[in-house]
Structures are given as structure tokens and as C-alpha cells.
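Everything below concerns the one structure shown next.
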Amino acid sequence: MSYDHKAIEAKWQERWETDRVFYVTENASKPKFYNVCMYPYPSGAIHQGHVRNYTYGDLLTRYKTMRGFNVLSPMGWDSFGLPAENAAIDSGIHPMVNTENQILTMTAQIRQLGSMYDWDRELASHDPRFYRWDQWLFLELYKRGLAYKAEAPVNWCPKDQTVLANEQVIDGLCERCDTPVIRRNLEQWFFKITEYADRLLEDIDTLEHWPDRVRTMQRNWIGRSEGVTFTIEVDGGGSFEVFTTRPDTVFGMTFCVLAPEHPLVESLIAGSELEPEARKYIAAAQNVSELERMAGGDKTGVFTGAYATNPVNEERVPIYIADYVLMGYGTGAIMGVPGQDQRDWEFATKHGIDIIRTVQPPDEWDGEAYVGEGPTINSEFLNGLGRTAAVSRITEWLVERGIGYATVQWRLRDWLVSRQRYWGSPIPMINCAECGLVPVPESDLPVLLPEVEDFVPKGRSPLADVEDFVNTTCPQCAGPATRETDTLDTFVDSSWYYFRYADVDNEDRIFDPAKPAYWMPLDQYIGGIEHAVLHLLYARFITKVLYDMGMSSVEEPFARLFTQGMITFKGSKMSKSKGNVVDPVDLFASHGADALRLYHLFMGPPTDDAAWSGSGVDGTRRFLDRVWKLATTVHEYSDREPDASDRELIGLAHRTVRKVTEDIDRFHFNTAVPALMVLSNELSDYVSRAPREETVEEVLRMVLLMLSPMTPHIAHELWEMKGYGGMLATESWPTSDEELAREEMVTLVVQVNGRVRDRIEVSAEITAREAEELALSSEKIRGWTDDEEILKVISRPPNLVNVVVG
RNA sequence: GCCCGGGUGGCGGAAUUGGUAGACGCGAGGGGCUUAAACCCCCUUGAGCCGCAACGGCUCGCGUGGGUUCGAAUCCCACCCCGGGCACCA
């Protein structure tokens, strides 16, 4: 018997919507629960990753609603950005049209899943009513000195023809198209996330409900190092600073290296006989892709002809230029200590530079640079000291003489937010020949994205070709001026959209702070692990900025984070390009949304990657068919008094409530589902043997209540058919009565020397002594113990007795 | 190289604190229903062995090798393999 999922699912999707069951307002009388799945890019079709994500999210929305929470679950669209633009380029349809269409089809598909949202709060980042506030936020950051324009070496993707943030470069490749990224010196807009580095790092400790690996990834990404910055004098005048975490090894400095982009390089090489070679090297270094540069290996570099003096021992050391030193980290210059740094060792070996060890390696040491612990040597007043002591001693020494100072360096760089692409929010700035950079006045927002026919990237923003857009007047002097033509990184949109949900229709402000003050922080945020350092770091940063502005009541936006695993099929991630996609829409038709949802909950631990199995969905559908049959068959009821079989079934039902509740609370959906299957199977067995109507109804009611967040359509339909009354979605979640849940009889396992030799059904109340006596008198056990001396008996009632013989 | 995860049947995976390894589902085999097939239902299903048989028993088994313990998938040590993150960051 197979139920008509199409009719039932359409019916209830309609009903929940017309009854506005999941539309909410701030309500101080209930605990709130703000539940968000990361808003999707509107690709036009949902895939199994979305289904997994929204199934978890919707389960939580429904479960928490039944638990009495005021649950806000909104949905929106991350509709700006490269994917939309690239798709439009491929299809020839304008991104505006394409995006709107794709939002419509995806909305329909999400509804078919039965996943419920407060659609009144729907937002889309390409909507001027949204990106207007992106621009406002940009101006606020500008006012606060947190947005600035600067020329810097930046990541450039030759394929997408745009710059990328550091976070968007994965293993030297463009995050979007896997093209090797190159470095270019360009004038770009940055957000000063580094000013928040310490807070972003410190507050990771408060995110106790985040996965450890995400916290670790963010810590690594922010990358704090303590050290010393000190000045090195150049022979013949001039000086430069170097940063080191190992000032204790400074006596081992036998050379210095400047990054090819270091500002001092020019004056060092100008006029030198080594100048042509140096220039050649600098030019070549610029064209090295990040990929090659990261490969490390060959420590190339050139001598500048100049020398510097080691401040601690007055030794004269050569100054080199080498691309293994990065302009973007520290001071762009280093002291070369080959004895204690492997990279310096390789460089020194290659260029015939002296090596002096200043840390005594262990006797058995046969490696190159020694970075481990050991007594300091060859270092005058540091000799004999361990690392920590030597570091403080030399730091004091450098500080006393005004040569150096203690510093903290961060791996984190400022967030590059400008993009040379069309489909994004225009940066609201104006360049005036007279006044310089002038912000667009707030009253002129939004700066509308002009309609452009040709948005194929060609290395500068397509907006630069739109004369009507570019030419404007200066808000300060009213003279002719030009607009900024770059657009904002879409990660700017996603860094604050969850605030906007709280006050989505506000036309006067980005939001009234009182609204998010009720909802924030998110009680649950669900999405993919791929955002571990991108979106999740930017969102934390912007939240802290909003907090400092008095706009946010919280410093951290996401109290609980859940990162789901990928769906794989035939050994790799499901993707159109690999041709291994199983379309959820086909499964809505063939198996129904409920069966698909249940399969996603059942298939494995939510955090793990999971291999798709079509027959797995067959299995969950079969289960739902059995539940349908169980609930709709007219049984022959007995009017007998309740007996042990009734107590046992009711007890199991209460234990199942306990288990399912605990499992949902800790995101172990894959064990909650089997618990329900067991209960349902037991109920089926029960109805086949003189069932009492009250018992059946009581247990069935509990089954439907628990199924409601998992497979809402069938659960609601059966609830209605059974006439249990009310809308199931707003019924209270069942509670487990511990008295009824208690088991009367349990299996006592009897071991001899740790091996199971007998199993005895005993009362759950059995004492240790009784269990021991029962175990020792068992026929089977006596067969193992009669010829032996009993050394010890371990009795752990009511589950185990272990008899030790020998 | 450093830092996190993880390794359990043919497969996905269970096993809150050390206490019956393999729940539940898939697949497979057998049977029932059917003219037949599908659906559905029932039984079996870690490996090897003993036994006429039992809803009977033994041995082995959670990546490998040790250890702790009455007892280890679970704790400790060493190693192997897989996945992920970071990485010329001074």
C-alpha cells in the first residue's frame, strides 16, 4: 500500500502557508530561536546539498516550534556575484532577468521540500532595497577609517579578470574558476579587518558551540605571532626594519633579505653594477604565479651589492633581494639566520653564505637548520640560555638601546572588497579632481547599478564604459567628477544579511537596532564547511563593527554553528560538470519530499560527507508506507485490561521520546530515525496480537508527533485523518515519563573471564548480590567454573556479572 | 613539515560514562502471495569451525603491533593508511 504523496504534500504545503504557521514577530513572552541556513546563490535548481541543508534547518524550525520557541526561520538570496554573471554570460540572458527567474524556480522547489520560512522577510542582495544598505555600510566604514583605498600587491585572476581577496585564493587558485592567481600592484578598496584581528582571535574562545575545526581554521587564518621588530643600518646610510619571532638567534644572522617590492630596493640598486641583474630579477618575480611562489623549493634571489650591520655584533652582512620574503608580511625584510631557519639555510647554501649555529642541536642531529630547543651558543651574552630566557634577554637589550621593540604580527590581511565586475553593488564613492575621493551622500543612495549590455569582463569594471554612470558632479564642489566603477565583493552582502531579516522592510535605515536586538545572535546557523574562513570570518568582523557602532547588541553573530558534510555520488561531489547529479525534483515526484527528507536525516552523521544511495530513499519510502498502513488500517481491538505487553510498548514509546529528543538536540538525526523505526515496528507487532485501542492510539500519537519535524506532510495528514485535532505543527513535543520509560526486565550478561557465557532475563531492580548468586547458579556458568577456583566476581547490576576464575 | 578529524560486515552506518560489537537501513540468498512479474509479507545474512539436531556450542573478529584492566571499538604508547586545514608568515 502506497500513499499518494503528491496530493498530500501539495495540500499541506498550501495549508501551512495559508495558515501562516511559520510567520513570526518579536514576542517577549516566548523564548526566541533564530534559525538560519546560509542563504543560497540562486542557481536556478536545488541540489542534494540544499536538500540536506534545508532538511536539517526545517527539522529544527519545526522541532523548536513544538518545543514552545518563537522560531524565526527566514530565507533569502545571495544573488550578486560571479556565478550569476558567468551563468548570464553563458546563457546570453542578462543577469537581472536570469537571477529573477532562478529565484522563482528555486523558491518553488524549496516549497516542494516542505521546508518552511517566514517569506515576508525574503531578501535578495541584487535588490536595490538591499544593496542600498551595503553602500550605506561601506560609507560608515569609510567614515570610521575602516574602508580605505590603497595601492598594494593584490591577487588577480586572469580568467575572471578581477582581483580577489586572500580568502578567495585556494592553494594559489581562484576560488571560483581554479585559474592560477597572479600578483598585481593595483589601487583597490580594502576593509580594515586587521584592526579587529585581536578581537576576532580572542572571541573564538567564546564560540563554544562551533565545530572545533572551524575555530582552528580561523585561528590559523588570523595567525598571531609574537616577536621583535628591530632596525638594521645599511652601510653608507639608510636603514630598514626586520621582524622576527626568534630574536634569540640574531647572532647567527649572516645576511639580510628584502622582498622584491621593498621600498628600499630602488635606492640600494640604483647605480650599482649589479643593477641590471637585480632589475631583471624583480621583474621576473612579479610574473611568478602564487602557485609557483608557494611551491617554495628553489630559493632564488640576487645580491644588491649593499651591506648591512648586525646591531648585536657589528658584523657586516650582505643584503639580498629574494621572493621568498613577502612584502605583505612583517616588514617585507628579514634577517637571514641559516642555522635556525630552514628557508634561510637553503638560501645560504645556494648562494654560498656563511652559516653560524646559535642553538646547540642534539648530538644525534644530522639535519640542516635546527629549529628545536637547545642552549644558545656563539652568542656572547646569550650563551647557555634556553630559548625563552634568550628571547627576553635579547629583547630587553634591543629595547634598551632603542634598536627594537616587541611586536605582534598577524597573518590576516585587510579584506580586499572591490571587484572589476558588473554584477555587484556599486561602490558609493566619487572622484573629484578638486576634492579628491568624496563619499556619495547618504541621501543619494542607492547608487543604482546601471543596465549594461556588455558585461563580459575585460580587466576593468564594465561600469567604466557607461558614461551616464561614470560622469557625475562632485557632491562637495558641484564640479564635474567621476564615479567609482568597481563593485563590492558579494561577501560584503553576506556579512550582514542576517541582521536585515529582522527588519527587512525598513526603508529609512539598514535596520532598527531594536529588531535584531530581539533575534540576535542566531541560535543556529547551518551551512557548508567551505565558508569556514570566508563568510564566517567576514560576518564576525562586520558584526563587531556594527556592535561598535551601537547597531548590534552582540559581538558574535552565530551562537551555534553547524557545518554539514557534502553529498558524494560515484566517488565524487555531486555536480553538473561531473554528470553525477540526482535531481531532488525527480525524487519529489517519485518518492515524495518526506521520503527524501527522511533519507537525508538517516543516511549518516550530518557532519560527515555522505555517499548518495538511491535504494536508501526506497527504504525510507517503504518505512513511510508501513506507517501509513499502520495508521489507516482498521484493527480488531480487544477490550482487555492492560498487561505486560501494553506496559512494554508504552515504555518503549517513552524511551524513544527520550532518545529522539536527545538525538535531535545533539544533531544525531541518523540515530533518531532508527529509534522511530524500531518503535513503529514494535507497534506493528503489537497490533497483530489482541491490541488495546487506547495503547495503539497513545503510541501512534507519539510516533506522529515525533515524525512531524522529519516527515511533516505524512505526519500531518495522518494526524488529521485520525482526528487528533489541531494543527500538528503547533502541538507540543511529547515528553518522556521516566516512570513509564523504566524497563522492568533487562538482560543480565554473565561473563567468565570476560567472555559472554550466559544471558539471563532479570528484574531491572536486581541487587549486586542477587545478580552474583543468580549468575553463579546458572547451569552454563557452572560448566565453566566447577573445575576452577573462583578468584573474583564483578557484579554490575542489572547488566553484567563477570566471574574471574583461574 | 605542522595542526585537526577518521579507519567497525558486501555497503551506509550503530554502540552517551570501558560492560552483549554489528542497532536501523541497503544489498544478497531462501520462502510466501501471484497465471506470471512488480509491489508487499516472512526467514537467513561478520568469518571459520563443531554438531543428527536445537530458538546449541567453540574460536577469531572494530587499520597494525604492544600495554593498562576482571573486562577495550572505547583509555595509553608506537606505527600504517585515508580525509581536511595551514604552510617560503620570518
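Residue numbering restarts at 1 for every chain, and letters A, B, ... go by the order of the sequence lines. No hydrogens, no waters, no symmetry mates; every other heavy atom, side chains included, goes into these values.
- The side-chain heavy atoms of A:Asp248 and A:Thr358, taken from C-beta on, include no pair separated by under 4.5 Å.
- By the 6.0 Å and 45° rule, A:Arg757 stacks over the aromatic ring of A:Trp784.
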At a cut-off of 3.5 Å, list every protein nitrogen or oxygen paired with a nitrogen or oxygen from nucleotides 60-62 of chain B, distance to 0.1 Å.
| unit_1 | atom_1 | unit_2 | atom_2 | d |
| --- | --- | --- | --- | --- |
| B:C60 | OP2 | A:Arg755 | NH1 | 2.8 |
| B:C60 | OP2 | A:Arg755 | NH2 | 3.2 |

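- Distance from the side chain of A:Asp323 is smallest to B:C88 among B:A15, B:C88, B:G85.
- Side-chain atoms of A:Ser225 lie closest to B:A90 of the nucleotides B:A90, B:G27, B:C24.
- Distances were taken from every side-chain heavy atom of A:Val756 (C-beta onward) to each of B:A90, B:U20, B:G12; the shortest belongs to B:U20.
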Distances under 3.5 Å between nitrogen or oxygen atoms of protein and nucleotides 67-74 of chain B:
| unit_1 | atom_1 | unit_2 | atom_2 | d |
| --- | --- | --- | --- | --- |
| B:C70 | OP1 | A:Lys792 | NZ | 3.3 |
| B:C70 | O2' | A:Asn802 | ND2 | 3.2 |
| B:C70 | O2 | A:Asn802 | ND2 | 2.5 |

Checklist entry - Reading RNA chain B 5' to 3', how would its secondary structure be written in dot-bracket notation, given Watson-Crick and G-U pairs with both distances under 3.5 Å, brackets [ ] for crossing pairs and | for partners on other strands? => result (((((((..(((......[....)))((((((.......))))))(((((.....)))))..(((((..]....))))))))))))....
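- Nearest to the side chain of A:Phe602, among B:G12, B:C86, B:A90, sits B:G12.
- When the nucleotides B:C88, B:G84, B:C24 are ranked by their closest atom to the side chain of A:Arg213, B:G84 comes out on top.
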Side-chain atoms of residues 530-537 of chain A: list all donor-acceptor pairs with protein atoms under 3.5 Å, sequence neighbours left out, distances to 0.1 Å.
| unit_1 | atom_1 | unit_2 | atom_2 | d |
| --- | --- | --- | --- | --- |
| A:His535 | ND1 | A:Ser494 | O | 3.4 |
| A:His535 | NE2 | A:Tyr525 | OH | 2.6 |

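- Among B:U20, B:C86, B:C88, the nucleotide with an atom closest to any side-chain atom of A:Arg759 is B:U20.
- No engagement by A:Gln409 is indicated, since no non-hydrogen atom pair under 4.0 Å with the nucleic acid exists.
- In the set B:C24, B:A90, B:G27, B:G27 carries the atom at the smallest distance from any side-chain atom of A:Arg622.
- Not less than 6.0 angstrom separates the ring centroid of A:Phe602 from the ring centroid of A:Phe623.
- Distances from the side chain of A:Pro674 to the nucleotides B:A23, B:G85, B:A90 place B:A23 closest.
- For A:Tyr320 and A:His351, the ring centers are positioned less than 6.0 Å apart.
- For A:Phe230 and A:Tyr405, the gap between ring centers reaches or exceeds 6.0 Å.
- For A:Asp212 and A:Arg215, the salt-bridge test passes: some basic side-chain N is under 4.0 Å from an acidic carboxylate O.
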Every protein N/O lying under 3.5 Å from an N/O of nucleotides 47-57 of chain B:
| unit_1 | atom_1 | unit_2 | atom_2 | d |
| --- | --- | --- | --- | --- |
| B:G57 | OP1 | A:Lys780 | NZ | 3.3 |

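- Take A:Arg413 and apply the salt bridge (Lys or Arg N to Asp or Glu O under 4.0 Å) test, not counting sequence neighbours, and it matches no residue.
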